[in-house]
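One structure is given here, and the rest of the page talks about it.
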Amino acid sequence: MIDIKLVRENPQLFKDGAKAKRFDVDIDRLLALDSKILGAKQILQDIATEKNRIGKEIPKMQGDEKQKVLAEMAKLKEKEAALNDELKTIQPAFDALMLEVPHPPAPEVPLGMDDTQNVELYKKGEVRKFDFEPKDHIQLGLSLGMIDVERGVKLAGARNYFLTGDGAILHRAVMNFAMDFMISRGYTPMMVPLLMRNEAMRGTGYFPGSEEQTYQMERDELNLVGTAEVPLTAYHMGELLSEKQLPIKIVAMSSCFRREAGAAGKDTYGLYRIHQFDKVEQVIIGENDEEKSRQYHQEILSNSEAVLQAMELPYRVVNVCTGDLGRGQVQKFDIETWMPSRKSYGETHSASRFYEFQARRLNLRYKTEQKKNLFCHTLNNTVIASPRVLIPIMELYQNADGSITIPKVLRPYMGNRERIEPKV
RNA sequence: GGAGAGGUGGCCGAGAGGCUGAAGGCAACGGUUUGCUAAACCGUCGUACGGGUAUAAACUCGUACCCCGGGUUCGAAUCCCGGCCUCUCCGCCA
């Protein structure tokens, strides 16, 4: 959520921001509602002052005098009730609109319509050239007994799968390596609940907007999270932290669930776009400070780059353009890892910073040394998401004989084996 | 699933129609003391919105807020109704 005061001061900033992000929101209507509310509240306050003044004198009065004053009081209450009725319709409309106003993007975000206009910042690592006809991850997964899509679909429908044998082992190796890596960088590991209340979904900015993308447990009014960002960012919801606690750096491994509604027919082949996967996610809850926000953003980005570098995977970092930014995101860097079967870089990581957008919705604040209460800043990034990352690992590390060389850093997690080979 | 209890400031906890923005304690902050730390003692110590003096910090006035929303009343943290949430006991179970 944005600060209505900033909208009052500079509505154009928010109009332009919404337009650049390709969100449709009526800022003029928001301001009109806002000024109506302010006006009504001003009058209500005057009425309350008058009521309080009269109320204090009533116990001292008697007879006619008292009757007169009571009548006056009744009139005030009528006026008050009328204004309150008016507020009762305006306020919810205002609140709903506030939830929809996007945070304006940072000035350094490139203008663009959609992900095709994201700007590549740099590439790391060599893209492998094959001297044989490479297989894709599904072919490899089948021949090495690592992936079973057919039975996944049989039991759970489209976009579901089993990881079997070395597939499951490789998946676990990747997750555990990523988790251990983040712990070594000082992040506090957590295991988190994955069914979240609407409050947490709203607080992190997913609701309203992403209900269609979410598996909702209607009976229990709980939502299966699409990312551990939700429980991690909302962890301190409603709390007043002390500045000394900041920044809070946390990391969680969790399953993630996405309906992928509206993506019908898109990326239907393989393990790229699926309903359920596992992810290690990093979150920073920091001070209300633009410079620190940028600094933390670089930190979470470089954490993830280090994980990819350790696995020696070629990737590029992309400056996500305005049209591809989420409602609350101020700036986002995606990391895309080379995937031979797609003949392109595919998104594997997404590092976002929000300023106080999420913290406002979550009522997540801290007290500064000067005793001011400020909203925190929040940031998050993927550390690793699997099985999507298995695509580049399996495809890039495959050998002409059909085996897969295990990346060095993962070997300790796989019994120090060097290769995944076909079972005889 | 059955039966109860409860939601009050950063935290704990009292208050049971006006004297309560709220006792007391802890934590925090400032000070005295001290070789340093600790202890002891003194003081300060909620938030939001609006108005006033001031560049601002600060100060000051008003209003609201004791989970949320209604109601009773001249007046509600306190009484009544609805909702949300939490806890305890019993049962079942990983």
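Each chain gets a letter, A, B and so on, in the order the sequences are listed, and its residues count up from 1. No hydrogens, no waters, no symmetry mates; every other heavy atom, side chains included, goes into these values.
- Contacts with RNA chain B (heavy atom under 4.0 Å) in residues 31-40 of chain A: none are found.
- Rounding to whole angstrom units, CG of residue L241(A) and P of G10(B) are separated by 12 Å.
- Here C11(B) presents its P atom at 8 Å from CG of L240(A), a figure rounded to the nearest Å.
- Other residues, nucleotides and ligands contribute only 12 or fewer heavy atoms inside 6.0 Å of the CE atom of M113(A).
- Note on E291(A) versus R294(A): salt bridge recorded, some NZ/NE/NH1/NH2 to OD/OE distance being below 4.0 Å.
- Residue contacts shown for K367(A) are limited to sugar-phosphate atoms, with no base heavy atom under 4.0 Å away.
- Of the candidate nucleotides U86(B), G50(B), C74(B), C74(B) has the atom nearest to the side chain of M73(A).
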*Test Y206(A) against N223(A) for side chain to side chain donor-acceptor pair (under 3.5 Å), laying out the working first.*
CA-CA 11 Å; Y206(A) 283 94; N223(A) 307 279; over 6 Å; no
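- Comparing the C1' positions of C29(B) and G15(B) gives a spacing of 28 Å, expressed to the nearest Å.
- With a cut-off of 3.5 Å on both Watson-Crick or G-U wobble distances, the partner of A54(B) is given as none.
- Rounded to whole Å, the P atom of C45(B) lies 15 Å from the corresponding atom of G25(B).
- Nucleotides U88(B) and G30(B) place their P atoms 39 Å apart, quoted to the nearest Å.
- Rounded to a whole Å, the CD atom of E369(A) is 10 Å from the C1' atom of C29(B).
- Look at CZ on R8(A): it is 11 Å from C1' on G50(B), rounded to the nearest Å.
- A22(B) makes up no base pair with any nucleotide shown, lacking Watson-Crick or G-U wobble contacts both under 3.5 Å.
- Across all strands shown, G69(B) forms a Watson-Crick or G-U wobble pair, both distances under 3.5 Å, with C81(B).
- Contact of the H349(A) side chain with the F333(A) side chain is not registered, since no non-hydrogen atoms from C-beta on lie closer than 4.5 Å.
- Nucleotides U63(B) and C11(B), compared at atom P, are 27 Å apart to the nearest Å.
- Remark: A76(B) base-pairs with no nucleotide in the shown strands. Criterion, Watson-Crick or G-U wobble with two distances under 3.5 Å.
- Across all strands shown, the partner of G62(B) is C49(B), judged by Watson-Crick or G-U wobble contacts whose two distances both fall under 3.5 Å.
- With P as the reference atom, U72(B) and A57(B) are 43 Å apart, rounded to whole Å.
- For R342(A) and Y272(A), the positive end sits near the middle of the six-membered ring, less than 6.0 Å away and at most 45° from its axis.
- Separating the CD atom of E243(A) from the P atom of A28(B) is a distance of 16 Å, rounded to the nearest angstrom.
- As a whole-Å value, the separation of K51(A) NZ from A76(B) C1' is 12 Å.
- C66(B) and A16(B) are spaced 13 Å apart, taking the C1' atom of each and rounding to whole Å.
- Atom CD of E108(A) has more than 12 neighbouring heavy atoms from other residues, nucleotides or ligands inside a 6.0 Å radius.
- Nucleotides A14(B) and A23(B) place their C1' atoms 6 Å apart, quoted to the nearest Å.
- Summarising the base pairing, U34(B) is matched to no nucleotide, lacking a Watson-Crick or G-U wobble pair whose two defining distances lie under 3.5 Å.
- When side chains are defined from C-beta on, I274(A) does not count as touching Q276(A), because their heavy atoms never get closer than 4.5 Å.
- Within the 3.5 Å criterion, the main-chain N or O of L140(A) finds a donor-acceptor partner in the side chain of S143(A).
- Of the nucleotides present, C29(B) is the one that pairs with G43(B) by Watson-Crick or G-U wobble criteria, both distances under 3.5 Å.
- Checking R353(A), E287(A), K249(A) one by one against Y296(A), the side chain to side chain donor-acceptor pair (under 3.5 Å) holds for a single residue, E287(A).
- At most 12 non-hydrogen atoms from other residues, nucleotides or ligands lie less than 6.0 angstrom from CG of D24(A).
- The interatomic distance linking E80(A) (CD) with C74(B) (C1') rounds to 13 Å, in whole Å.
- Aromatic ring centres of H103(A) and F354(A): separated by at least 6.0 Å.
- Residues N373(A) and K244(A) both approach RNA chain B. Their nearest nucleotides, taken by heavy-atom distance, put K244(A) toward the 5′ side.
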*Base-contact (B) and sugar-phosphate-only (S) positions in nucleotides 52-70 of chain B, heavy-atom cut-off under 4.0 Å, - elsewhere*: ----------BSS------
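- Rounded to an integer number of Å, the gap from N363(A) CG to G10(B) C1' is 13 Å.
- Here C89(B) sits opposite G2(B) as a Watson-Crick or G-U wobble pair (both hydrogen-bonding atom distances under 3.5 Å).
- Only the C1' atoms considered, G46(B) is 15 Å distant from A27(B), to the nearest whole Å.
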